[in-house]
There are 2 protein chains.
Amino acid sequence: MPPIKIILTEDHQILRDGIKALIASANITISGEASTGQELWKLLDKDLPDIILMDISLPDTSGIELTRLVTEKYPEIKVLILSMYTDESFINQAIKAGAKGYLHKNTTREEMLVAIDTVLSGNDFYSDNISKIILKNYIEKAKLNINEIDNPNEILSKREIEILKMFAEGFINKEIADRLFISIRTVESHKNHIMQKLNLKTQVELVKYAIRHNLINI
Amino acid sequence: MPPIKIILTEDHQILRDGIKALIASANITISGEASTGQELWKLLDKDLPDIILMDISLPDTSGIELTRLVTEKYPEIKVLILSMYTDESFINQAIKAGAKGYLHKNTTREEMLVAIDTVLSGNDFYSDNISKIILKNYIEKAKLNINEIDNPNEILSKREIEILKMFAEGFINKEIADRLFISIRTVESHKNHIMQKLNLKTQVELVKYAIRHNLINI
DNA sequence: CAAAATCTAAGTGTATCGCTTAGTGGCTTT
DNA sequence: AAAGCCACTAAGCGATACACTTAGATTTTG
């Protein structure tokens with residue numbers, strides 16, 4: 001089996017050297033090093049690696065943007081983000097950009113090797129602390145709604161929920177009226193009652209209420 | 001230190017006996033057993049436990065609903081869900097209902113003891129496999145938007161995004177106009193352009209678009 | 001049975017929608 | 001330098017929706 005080819009994209013020499021010393025072995029070759037996005041593209045023109053270890057903060061392009069562009073052009077390359085940031089938005093953006101994994105910079109040699117194996121085999125890898133951040137956010141987001149004692153089914157009537165659902169799904173009043181065989185005026189009345197009961201002021205809040213309470217799928 | 005008082009709410013005798021045999025010790029007392037919601041309320045009338053181990057599927061009320069009611073009436077009691085279900089929606093509902101932790105029924109004695117300690121000390125506990133499910137869902141949800149080539153920042157201008165954000169946050173046209181020192185007509189124009197570009201037909205779709213693309217927090 | 005809630009509908013003034021036209025300023029293409 | 005494109009600005013206009021009010025009919029609840 002040929003060694004795994006990895007490109008380091010990281011603007012700090014000392015970090016590149018450290019990583020190289022840590023993971024280079026008979027099985028793993030650091031086939032290139034880039035300190036900017038531009039340098040990375042030059043390396044990719046010559047030879048494609050199996051994995052790119054990508055820092056987020058680079059001098060020219062951001063690592064997130066680079067990840068997006070690289071995975072678009074070379075879907076076979078696995079990008080592993082190696083970042084000092086643990087903000088959820090970065091993690092989220094990285095996933096969206098096509099990263100196959102996310103490691104914090106306080107990761108260990110062992111974890112990095114596991115991450116490399118994991119993404120090479122086609123799976124995603126998110127280190128423990130990153131997973132914890134995602135988990136924590138999930139729980140907090142879910143809890144946000146705990147204090148909303150307002151269970152729609154208790155406050156709103158069946159008809160009102162029916163109309164709220166249709167409205168939030170995107171039907172306009174006329175369409176709702178036609179489908180339910182009632183007057184537009186009645187649909188308006190129901191919506192007014194709903195807004196009064198929920199103390200909402202705009203239709204935008206109405207849509208968001210429906211989404212928060214899982215009345216519709218977004 | 002007095003022993004930890006735990007009530008088992010679980011409709012299968014054999015499971016209750018198994019759990020009891022597993023965790024009862026000098027430190028942990030099973031202070032009561034309920035096979036239905038009704039029985040649980042009777043137990044709570046007599047004596048309050050530190051922890052309730054709660055099954056989701058019960059004959060009368062669902063464990064989720066029971067959790068909601070119990071944590072509302074007795075916030076000091078920690079409810080630990082012990083379920084055979086690993087659907088994300090159950091987990092999510094459990095968190096919303098006020099559960100302090102969620103264990104799968106294939107959990108180990110050790111994990112259950114850790115969970116009990118964790119929730120007693122005021123923290124949340126979600127077992128490894130439950131965490132993995134949440135994580136997997138998070139990543140999949142984040143990835144859903146990858147293939148949506150429509151990155152708002154590429155399609156919409158800065159001004160358009162600014163207005164879309166404000167609209168989706170709940171500002172009405174007049175408020176947006178006032179805040180940006182432009183005419184209400186201009187705000188309308190921008191919104192029209194946005195809807196044309198995104199091929200959206202209603203303002204409801206506009207709000208949902210903004211939410212899907214993380215332009216606003218719901 | 002009486003009271004309350006729900007479903008239905010309409011009136012009214014204001015706001016927004018959805019479409020069209022249009023002027024100005026900045027940038028790129030030829 | 002001229003032409004073309006796009007972003008931002010603004011307005012006209014008919015149709016629709018909003019937000020509030022009143023109100024009758026029916027069903028549910030106490």
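Note that the structure is a prediction, hence the values are computed from the model and not measured. Every chain is numbered from 1 and lettered A, B, ... according to where its sequence line falls, protein lines coming before strand lines. Just so it is clear, the values below take in all heavy atoms, side chains as well, and ignore hydrogens, waters and symmetry mates.
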C:dA10 phosphate, OP1 or OP2, under 4.0 Å from A:Ser183 side-chain N/O: yes
A:His193 NE2 to C:dA9 P, straight-line distance once rounded to whole Å: 13 Å
Under-4.0 Å side-chain N/O to phosphate OP1/OP2 contact, B:His190 with D:dT9: yes
Toward the 5' end of DNA chain D, by each residue's nearest nucleotide, B:Lys158 or B:Gln203: B:Lys158
Nearest-Å distance for atom pair CD/C1', residues B:Glu188 and D:dA7: 18 Å
Which nucleotide in D:dA19, C:dT8, D:dT9 has an atom nearest any side-chain atom of A:Met195: D:dA19
Any A:Lys191 side-chain N or O less than 4.0 Å from OP1/OP2 of D:dA17: no
Atom-pair distance (CD on B:Gln196; C1' on C:dG18), nearest Å: 9 Å
Below 4.0 Å: OP1/OP2 of D:dA17 and any side-chain N or O of A:Asn192: no
A:Asn173 CG to C:dA9 P, straight-line distance once rounded to whole Å: 14 Å
Salt bridge (charged side-chain N to carboxylate O under 4.0 Å, His left out) between A:Glu188 and A:Lys191, intermediate numbers included: CA-CA 5 Å; A:Glu188 289 176 358; A:Lys191 279 168 72 180; over 6 Å; no
Distance-only donor-acceptor test (3.5 Å): side chain A:Ser189, base C:dA9: yes
Shortest side-chain distance from A:Ser157, nucleotide among C:dT6, C:dT8, D:dT21: C:dT6
Whole angstrom value for the distance that separates C1' of C:dA15 from CD1 of B:Ile176: 13 Å
Base D:dT21 paired with A:Arg185 side chain (donor-acceptor, <3.5 Å): no
Interatomic distance, A:Lys174 NZ vs C:dT16 C1' [rounded to whole Å]: 19 Å
Side-chain N,O (B:Thr186) to OP1/OP2 (D:dT9) below 4.0 Å: no
Shortest non-hydrogen contact from A:Ser31 toward A:Ile7: OG-CG1, 3.7 Å
Could I get a table of every N or O pair under 3.5 Å where one atom is in the protein and the other is in nucleotides 25-27 of chain C?
none

Shortest non-hydrogen separation from B:Lys105 to B:Leu15 and the atoms involved: NZ-CD1, 3.7 Å
Interatomic distance, A:Leu180 CG vs C:dT6 P [rounded to whole Å]: 17 Å
Audit row: B:Glu160, B:Ser157, side-chain hydrogen bond (donor to acceptor under 3.5 Å, both in side chains) steps and yes/no: CA-CA 5 Å; B:Glu160 285 166 343; B:Ser157 68; 3.2 Å; yes
Value in whole Å for how far the P atom of C:dT16 lies from CG of B:Leu206: 14 Å
Side chains of A:Leu80 and A:Ile6 in contact at under 4.5 Å (non-hydrogen atoms): no
4.5 Å side-chain heavy-atom contact, A:Leu164 and A:Tyr209: yes
Nearest heavy atoms of A:Asn106 and A:His104, plus distance in Å: OD1-ND1, 2.7 Å
Contact summary for A:Glu33 and A:Arg16, nearest pair of heavy atoms: OE1-NE, 2.8 Å
